[in-house]
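Worksheet: one structure, shown below.
Numbers here are sequence positions counted from 1.
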Amino acid sequence: MEADFVIKKKSGELIVNCKTKNKVNTRELSAIKSGKYNYLLTPIVVDDGKKITMHYDYEGNISLYEYLQRGISPAIFSKICMNLLDTTEKIKEQVMQQGNLLLDLRYIFIDVYRLDIKYVYVPVVHAGMEVNVADFLRKLPYYCVFDVTEKIEFVSKYIDYFNEIINFSSLDFKKFVKNGIGMNIEAYLYMKDRDEGIEINLDRFIIGQGDDATLRLESKYVSRHHAIIFLESSKYFLKDCDSKNHTYHNGRQLGCEEIVQLSDGDRIRIADVELKFGLERREESEF
């Protein structure tokens with residue numbers, strides 16, 4: 001049975017009104033409220049006996065549609081593709097209804113600093129029609145503006161991929177995205193107190209104490225926006241953001257407006273915090 005959702009946006013809030021014949025799925029709502037599914041926005045549910053209204057707070061985020069219009073790189077596009085596919089698969093794995101996931105670029109939200117994507121799921125008993133994830137992914141590049149400074153030949157490869165396949169396979173698609181249109185090199189920062197590296201998953205990776213920093217450091221000597229690592233032509237660069245206590249590259253203090261290219265194993269010091277930059281190469285594409 002198809003659910004009819006009436007959707008409105010109002011001052012950082014998405015309001016979803018459901019049909020009167022819908023009932024709240026208490027199992028799903030409890031799971032979302034518990035924080036178990038951190039990729040879903042948590043709704044505030046109002047059921048007056050006549051209709052169900054769900055309020056989703058997306059303050060501090062923008063719609064994925066708006067983000068894609070700002071100009072993105074091939075690496076970011078590939079990460080968004082993977083996130084979209086992974087999310088729809090998680091919904092099925094949790095025995096939730098894909099038809100109740102608002103798979104619409106206007107209703108998917110993103111934190112532009114952390115590239116943290118949040119989805120709206122409507123936890124009611126009667127699901128909407130099963131979504132066509134492959135068709136959604138096929139159309140995705142047509143909504144994007146791509147950074148003109150980046151090589152975008154992959155867009156043609158992406159379109160050709162969907163034109164040539166007969167049956168969509170999520171496994172094959174993931175392989176294509178990872179090896180075909182994504183970067184062949186992944187970058188990480190390593191900290192002394194962490195065993196695993198922190199992936200540099202943005203074109204502009206901000207290090208500092210601010211709430212909008214991609215990597216937040218707790219040291220009182222670190223500025224709100226202390227330094228930035230940015231990606232350009234598949235190379236990583238480091239720049240100090242006019243910090244009070246400076247940024248150091250392999251023991252040397254960076255000058256004002258100075259930019260240095262990063263190499264595997266480089267040491268970075270942010271005030272009194274020691275980091276190491278690392279690169280990992282993926283297998284070459286078969287496509």
Side-chain angles (χ1 to χ4, degrees), residues 1-70 72 77 80-145 168 170:
M1 188 177 294
E2 183 178 357
D4 185 12
F5 302 141
V6 180
I7 304 167
K8 297 179 182 178
K9 280 184 176 180
K10 184 180 179 181
S11 302
E13 182 182 51
L14 191 75
I15 303 170
V16 180
N17 289 305
C18 308
K19 280 181 178 178
T20 55
K21 57 186 172 184
N22 290 133
K23 293 182 179 180
V24 175
N25 188 317
T26 53
R27 176 188 68 85
E28 293 179 348
L29 181 59
S30 296
I32 295 170
K33 284 186 173 181
S34 72
K36 183 178 180 181
Y37 311 133
N38 60 4
Y39 52 91
L40 299 179
L41 290 175
T42 302
I44 295 175
V45 180
V46 179
D47 187 351
D48 62 6
K50 295 181 180 180
K51 66 177 180 180
I52 299 169
T53 303
M54 301 197 180
H55 301 259
Y56 298 83
D57 182 7
Y58 66 89
E59 192 70 41
N61 299 276
I62 65 173
S63 73
L64 192 54
Y65 176 82
E66 183 183 345
Y67 178 76
L68 296 176
Q69 292 290 304
R70 290 185 172 189
I72 61 171
F77 179 79
I80 290 171
C81 289
M82 293 292 287
N83 187 285
L84 288 163
L85 185 57
D86 286 342
T87 298
T88 55
E89 290 182 341
K90 286 175 185 175
I91 292 294
K92 292 187 78 171
E93 289 169 4
Q94 298 299 330
V95 198
M96 297 169 74
Q97 305 162 100
Q98 276 195 350
N100 283 7
L101 183 71
L102 300 188
L103 203 61
D104 185 313
L105 294 176
R106 297 170 297 171
Y107 310 134
I108 300 171
F109 301 97
I110 185 168
D111 182 324
V112 297
Y113 296 103
R114 297 187 178 90
L115 204 64
D116 185 22
I117 301 177
K118 299 289 185 182
Y119 295 81
V120 173
Y121 181 87
V122 186
V124 293
V125 173
H126 298 301
M129 298 294 287
E130 189 75 9
V131 295
N132 189 330
V133 180
D135 190 54
F136 186 84
L137 290 169
R138 179 181 64 81
K139 295 175 180 177
L140 190 61
Y142 299 103
Y143 295 99
C144 298
V145 174
F168 179 79
S170 60

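In this structure, T88 contributes its side chain and L85 its backbone to a donor-acceptor pair below 3.5 Å. In terms of modelled atom types and a separation under 3.5 Å, the side chain of Q97 and the main chain of P123 share no donor-acceptor contact.
Residues L68 and L140 form a side-chain contact, since some pair of their non-hydrogen atoms from C-beta on lies under 4.5 Å apart. Under the 4.5 Å side-chain criterion, counting only non-hydrogen atoms from C-beta, H55 is not in contact with L14. Between L103 and T87 there is no side-chain heavy-atom pair separated by less than 4.5 Å. In this structure, V133 and Q98 have side chains that are in contact, with non-hydrogen atoms separated by less than 4.5 Å. Looking at heavy atoms from C-beta onward, F109 lies in side-chain contact with L41 at the 4.5 angstrom threshold. Looking at heavy atoms from C-beta onward, V124 lies out of side-chain contact with N25 at the 4.5 angstrom threshold.
Under the side-chain contact (heavy atoms from CB on, under 4.5 Å) test applied with I117, the options D111, D86, I108 reduce to a single match, I108. Among the candidates N61, L64, N83, the single residue satisfying the side-chain contact (heavy atoms from CB on, under 4.5 Å) test with I110 is L64.
The nearest pair of heavy atoms linking V131 to G99 is CG1-CA, 4.3 Å. Contact detail for D135 and R138: the closest heavy-atom pair is OD1-NH2, 2.6 Å. Residue D47 comes nearest to G49 through the heavy atom pair OD1-N, 3.0 Å, listed as atom of the first residue, atom of the second, then distance. C18 approaches K51 most closely through the heavy-atom pair O-CB, 4.1 Å. Shortest non-hydrogen contact noted between P43 and M54 is CB-CB, 4.2 Å. In this structure, Y37 and A31 approach most closely via the heavy-atom pair CE1-CB, 3.4 Å.
Taking CD1 of I52 as the start and CG of N17 as the end, the distance is 10.0 Å to the nearest 0.5 Å. Between atom CZ of residue F136 and atom CG of residue L105 there is a gap of 4.0 Å, rounded to the nearest 0.5 Å. Rounded to the nearest 0.5 Å, atoms CE (M96) and CD1 (I91) are 4.5 Å apart. Taken from CZ in R27 to CD in Q94, the straight-line distance is 8.0 Å, to the nearest 0.5 Å. Note that OH of Y58 and OH of Y107 are 10.0 Å apart. Values are rounded to the nearest 0.5 Å. To the nearest 0.5 angstrom, I15 atom CD1 is 12.0 Å from Y56 atom OH.
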Worked verdict on D104 versus R106 for salt bridge (charged side-chain N to carboxylate O under 4.0 Å, His left out): CA-CA 5 Å; D104 185 313; R106 297 170 297 171; 2.7 Å; yes
Residue pair Y119, L102: steps toward the side chain to side chain contact (heavy atoms under 4.5 Å, CB included) verdict: CA-CA 7 Å; Y119 295 81; L102 300 188; over 6 Å; no
Candidate pair E13 and K9, rule salt bridge (charged side-chain N to carboxylate O under 4.0 Å, His left out), full reasoning: CA-CA 6 Å; E13 182 182 51; K9 280 184 176 180; over 6 Å; no
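For the pair K118 and Y39, the cation-pi criterion (under 6.0 Å, within 45° of the ring axis) is not fulfilled.
Heavy atoms of other residues, nucleotides or ligands lying less than 6.0 angstrom from CD1 of I62 number more than 12.
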